[in-house]
2 protein chains.
Amino acid sequence: MLVAIDCIIFGFDGNRLKLLLIKRGFEPQRGRWSLMGGFVTPDENLNQAAARILKQLTGLTDIYLEQLSAFGERFRDPSERTISVAYFSLIDINQYKEQINHEYSAEWFPLKQLPPVIFDHKEMIEMAKEKLRYKAAFHPVLFELLPEKFTIPQLQTLYEDVYNKILDKGNFSRKILSTALLIKQKDKEKNGSKKGAFYYKLDKRKYQMKFNSFLNFIPSQKIEKST
Amino acid sequence: MLVAIDCIIFGFDGNRLKLLLIKRGFEPQRGRWSLMGGFVTPDENLNQAAARILKQLTGLTDIYLEQLSAFGERFRDPSERTISVAYFSLIDINQYKEQINHEYSAEWFPLKQLPPVIFDHKEMIEMAKEKLRYKAAFHPVLFELLPEKFTIPQLQTLYEDVYNKILDKGNFSRKILSTALLIKQKDKEKNGSKKGAFYYKLDKRKYQMKFNSFLNFIPSQKIEKST
DNA sequence: TCAAAAGTGTTGTCCTTACACCCATGT
DNA sequence: ACATGGGTGTAAGGACAACACTTTTGA
């Protein structure tokens, strides 16, 4: 049996959550969209394989990477029996831009406008979306998608896109600040508004410490965002 | 590469949460304790393989079974490169008693008094415990461990053991009943006390419907249970 | 001066905790 | 009758959604 890895790669462009797909350059299914993947080699464990594959495409290391699930339907890959271990990863889309490997003709797609993908990759993507929502409800994991400096309204846009909800800015900002994970900067971002919004940085130490405690980021607000 | 399955099997004896381990009857590591496992065959997918292996040992079908994670350290099995997909399952310990397959010399161990186990099984067990706590905090999954008829104090004992917390009986009973997942029976269980506690059954329909919504079973009570 | 977005204040509602108390019954 | 656990009542405190309001600044 072959053992493969597939990576579901999330990014956030400041407006919408996106997924990085590659156009397959080889048979079978050449020319169709697919997750970035590869086979596990004898000299690496699963996490190492996932990190290697992610680096091949994005050039990035030290990325948030978490195992999602193993997929093993008998004919998921019609040509050969393959078990795939899917990983999901969150990257800062701006860092990616500088490092991208152009061999793969990769492209970012908004989560709500994905093209058809090969094999069971659709299922993997759905599961990853679900897991991201789940995880982000209790752990400050969405910060992994943002650049080093960001504003609270930017963060709010991210949450709104992940949960498809419109959030109250007042309540949102208080909830985030109450976690004490953010360090206020002196400067403001002035593109989004006339007043400008203060930049914040993540307090890395507290972030690590509190990552696994149960914080409450569940957006309980009722209003659905229109797509 | 070989692809195996390992099953972390939880049961509840009315008092403590337990794990079902088998004594390995073959080399390597004959005679040592281990999770129940087996290899994935070409004609089955991963879930089917897990269900088959679970049935081999317990005789049970239609069991709560969920994929935990794939484990793939290079030398996790020293004799051959093997990827193992771990599943965790929750069974009614009483049903098990009637069906057990004695070929495997299996034994229930309290979670807090596990013997040494082979390979990376300890790691799998720890992850399964963690996941059970996580899942049970939001989803009514612990009902899977109980017989068809059970009392609220029995359920409370289970939660107390899972979270190592002493819970307030009044608040616990109200919280559980507020989910409206239980149907009160006419008869009482009279062993636990003189007054006796009413039996309840799970409302299967509502249970299925509400399983994936976020209920709140987190025990926020502060008092740690002494072990 | 006005519009637009950032951010603060305020209030009512709901949920939860802690704990007092009542209930049913076997010995 | 009384001890034992089952179960209900209740008051204080906290969290949160909703929304009114103030602030800042570019045009």
Side-chain angles (χ1 to χ4, degrees), chain A residues 14-15 137-138 146 149-161 163-201 210 213-225, chain B residues 14-15 137-138 146 149-161 163 165-201 213-225:
Chain A
N15 192 28
F138 306 110
L146 293 171
K149 277 167 58 176
F150 55 88
T151 68
I152 291 187
Q154 281 166 6
L155 184 63
Q156 182 175 340
T157 306
L158 174 53
Y159 273 88
E160 291 185 336
D161 200 52
Y163 291 103
N164 240 309
K165 294 262 164 65
I166 293 171
L167 304 179
D168 180 277
K169 58 188 168 154
N171 296 336
F172 181 80
S173 126
R174 265 181 302 240
K175 183 180 263 187
I176 294 296
L177 291 176
S178 75
T179 63
L181 291 174
L182 298 189
I183 303 167
K184 192 171 190 169
Q185 304 303 113
K186 298 243 158 55
D187 48 341
K188 284 184 164 187
E189 191 272 340
K190 310 274 281 186
N191 295 329
S193 74
K194 306 183 169 167
K195 184 178 177 184
F198 278 105
Y199 279 116
Y200 286 83
K201 281 188 184 177
K210 292 197 181 179
S213 56
F214 276 39
L215 306 167
N216 175 18
F217 295 104
I218 295 185
S220 35
Q221 232 148 318
K222 307 292 185 300
I223 310 160
E224 280 249 342
K225 202 171 148 188
Chain B
N15 191 28
F138 305 111
L146 294 171
K149 278 167 57 177
F150 55 87
T151 68
I152 292 187
Q154 282 166 5
L155 184 63
Q156 182 176 340
T157 306
L158 174 53
Y159 273 88
E160 291 185 337
D161 200 51
Y163 291 103
K165 294 263 164 67
I166 292 170
L167 305 179
D168 180 278
K169 58 187 167 157
N171 297 335
F172 181 80
S173 128
R174 265 181 302 239
K175 183 180 263 188
I176 294 295
L177 291 176
S178 76
T179 63
L181 292 173
L182 298 189
I183 304 167
K184 194 172 190 169
Q185 303 304 113
K186 298 245 159 55
D187 49 340
K188 284 184 163 184
E189 191 273 339
K190 311 274 280 186
N191 295 328
S193 74
K194 309 189 166 164
K195 183 176 175 182
F198 279 105
Y199 278 116
Y200 286 83
K201 282 188 183 175
S213 55
F214 276 39
L215 305 167
N216 173 18
F217 295 104
I218 294 185
S220 34
Q221 231 149 319
K222 308 294 186 301
I223 310 159
E224 281 248 344
K225 203 171 147 188

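We use all heavy atoms of the structure for the numbers below, so side chains are in, but hydrogens, waters and symmetry mates are not. Throughout, a chain's letter reflects where its sequence line sits, starting with A, and its residues are numbered from 1.
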From [atom1] of [X] over to [atom2] of [N], roughly how many Å is that when rounded to an integer?
X: Ile152(A); N: dG7(C); atom1: CD1; atom2: P; value: 6 Å
X: Tyr200(B); N: dG6(D); atom1: OH; atom2: C1'; value: 10 Å
X: Gln154(A); N: dA6(C); atom1: CD; atom2: C1'; value: 13 Å
X: Asp187(A); N: dT24(D); atom1: CG; atom2: P; value: 17 Å
X: Asp168(B); N: dT8(D); atom1: CG; atom2: P; value: 13 Å
X: Leu177(A); N: dC16(D); atom1: CG; atom2: P; value: 14 Å
X: Lys175(B); N: dC15(C); atom1: NZ; atom2: P; value: 12 Å
X: Arg174(A); N: dT11(C); atom1: CZ; atom2: P; value: 13 Å

Lys190(B): partners by side-chain contact (heavy atoms from CB on, under 4.5 Å), with sequence neighbours left out:
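Testing Lys190(B) for side-chain contact (heavy atoms from CB on, under 4.5 Å), a comparison that skips the adjacent residues, returns Lys188(B).
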Nearest 0.5 angstrom please: [X] [atom1] to [Y] [atom2], how far?
X: Tyr199(A); Y: Lys186(A); atom1: OH; atom2: NZ; answer: 16.0 Å
X: Phe172(B); Y: Leu155(B); atom1: CZ; atom2: CG; answer: 4.0 Å
X: Phe150(B); Y: Gln156(B); atom1: CZ; atom2: CD; answer: 13.5 Å
X: Leu215(A); Y: Phe138(A); atom1: CG; atom2: CZ; answer: 10.5 Å

Side-chain N,O (Asn216(B)) to OP1/OP2 (dT16(C)) below 4.0 Å
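Yes, within the criterion.
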Exercise. Between Ile152(A) and Gln154(A), is any pair of side-chain heavy atoms under 4.5 Å apart?
Worked result: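 Contact flag for Ile152(A)/Gln154(A) side chains = no.
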Listed pairs, N/O of protein and of nucleotides 21-24 of chain C, under 3.5 Å:
unit_1  : atom_1 : unit_2    : atom_2 : d
dC23(C) : O2     : Lys195(B) : NZ     : 3.2

Quiz item: Which of these passes side chain to side chain contact (heavy atoms under 4.5 Å, CB included) with Tyr200(A): Thr151(A), Ile176(A), Leu177(A)?
Solution: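 Filter result, single survivor: Leu177(A).
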Q: Take Gly192(A) and Ser173(A), find for each the nucleotide of DNA chain C with the closest heavy atom, and name the residue whose nucleotide sits nearer the 5' end.
A: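 In this pair, the answer is Gly192(A).
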- Message: Assuming nearest nucleotide by heavy-atom distance, tell me which of Gly170(A) and Ser193(B) is located more 5' along DNA chain C.
- Response: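 It is Gly170(A), whose closest nucleotide lies nearer the 5' terminus.
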Exercise. Gly196(A) or Thr151(B): which one's nearest nucleotide on DNA chain D is closer to the 5' end?
Worked result: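 That would be Thr151(B).
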